[in-house]
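Accompanying notes for the structure given below.
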Amino acid sequence: MSWIILVISGLLETTWAIALERSQGFSRPWPTAVFGVALVLSMAGLGWALKDIPVGTGYVVWVGIGAVGTAVIGMVWLGESVNWQRIVCLLLVVAGVVGLKVYH
């Protein structure tokens, strides 16, 4: 169950990162509200998952999911550049996250 909560928390990290950008410096109320709720839920889930998962592993998995998710959304929906180098780097992050889970 801790791993499921950790993955959901990582996805919520992606949510709050995108909402933070969309809030335009906290000047838009709805993205700012989404940011706040997603941030609190993401941190709460991370904290809960760390009861059973070592902090180093849990934190890296959480950040990795959030970072890869945010980068993919940026490339697919927000017009950020897509090139093979970026994709390879993101795949390396995914490989690291999977490796931490496998060797936990």
Side-chain angles (χ1 to χ4, degrees):
M1 185 59 139
S2 294
W3 282 98
I4 293 169
I5 297 296
L6 185 61
V7 169
I8 291 168
S9 296
L11 295 172
L12 284 166
E13 184 188 3
T14 296
T15 302
W16 68 251
I18 297 300
L20 178 62
E21 186 270 333
R22 293 294 186 195
S23 76
Q24 296 179 354
F26 303 115
S27 65
R28 298 178 63 211
W30 284 111
T32 299
V34 170
F35 163 77
V37 170
L39 177 67
V40 168
L41 292 174
S42 179
M43 291 291 175
L46 174 63
W48 193 86
L50 292 181
K51 292 190 299 183
D52 297 320
I53 300 170
V55 68
T57 301
Y59 183 72
V60 169
V61 169
W62 179 76
V63 168
I65 292 169
V68 169
T70 303
V72 168
I73 288 173
M75 289 187 287
V76 172
W77 286 301
L78 303 179
E80 295 180 8
S81 66
V82 180
N83 56 52
W84 70 268
Q85 295 95 335
R86 288 188 80 188
I87 292 171
V88 167
C89 291
L90 290 172
L91 290 173
L92 289 170
V93 172
V94 170
V97 167
V98 170
L100 285 172
K101 168 61 175 123
V102 168
Y103 298 112
H104 166 68

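For clarity, every value in this text was computed on a predicted model and none was experimentally measured. Both backbone and side-chain heavy atoms feed into the values below; hydrogens, waters and symmetry mates do not.
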Between W77 and V68, is there a shared hydrophobic cluster once you connect ILVMFWY residues whose side-chain heavy atoms come closer than 4.5 Å?
yes
Closest contact, heavy atoms only, V82 versus I87:
CG1-CD1, 3.9 Å
Minimum side-chain heavy-atom gap L78-I18 below 4.5 Å:
yes
State which residues pass ring pair (Phe, Tyr, Trp, His ring centres under 6.0 Å) with W48; sequence neighbours excluded, sorted by chain then number.
none
Closest non-hydrogen atom pair between T32 and S27, with its separation:
OG1-N, 4.3 Å
Spacing of F35 atom CZ and T15 atom OG1 [to the nearest 0.5 Å]
12.0 Å
Minimal non-hydrogen separation, G64 against V97, with atom names:
CA-CG2, 4.0 Å
When you group the ILVMFWY residues by side-chain heavy-atom contacts below 4.5 Å and let the links chain together, are I4 and L12 in the same group?
yes
Could you pull out the closest heavy-atom pair between L41 and S9, with the gap in Å?
O-OG, 4.3 Å
Separation between CD1 of I53 and CD1 of I5, rounded to the nearest 0.5 Å:
9.5 Å
Can you measure from OG (S42) to CG (L6) and round to the nearest 0.5 angstrom?
9.0 Å
Could you list the residues that satisfy side-chain contact (heavy atoms from CB on, under 4.5 Å) with V76, not counting sequence neighbours?
V72
Which residues pass the side chain to side chain donor-acceptor pair (under 3.5 Å) test with T14, sequence neighbours left out?
none
Treat each ILVMFWY residue as a node, draw an edge where side-chain heavy atoms are under 4.5 Å apart, and state whether V60 and W3 are in one component.
yes
With a 4.5 Å limit on heavy-atom distance, are the side chains of L90 and V94 in contact?
no
Residues in side chain to side chain donor-acceptor pair (under 3.5 Å) with W16, at least two apart?
none
Joint cluster assignment, V98 & Y103, ILVMFWY side-chain distance < 4.5 Å:
yes
Checking E80 now: which residues fulfil salt bridge (Lys or Arg N to Asp or Glu O under 4.0 Å) with it, not counting sequence neighbours?
R86
Cluster overlap L100 with V55, hydrophobic side-chain contacts below 4.5 Å:
yes
Under 4.5 Å between any side-chain heavy atoms of W62 and V7, yes or no?
no
Closest contact, heavy atoms only, Y59 versus L50:
N-CD2, 4.4 Å
How long is the straight-line distance from CD1 of I65 back to CD1 of I8, given to the nearest 0.5 Å?
10.0 Å
Any idea which heavy atoms bring A49 and S2 closest together, and the distance?
CB-O, 3.5 Å
Write out all pairs satisfying salt bridge (Lys or Arg N to Asp or Glu O under 4.0 Å) with one or both partners inside residues 39-66, taking only residues at least two apart or from two chains.
none
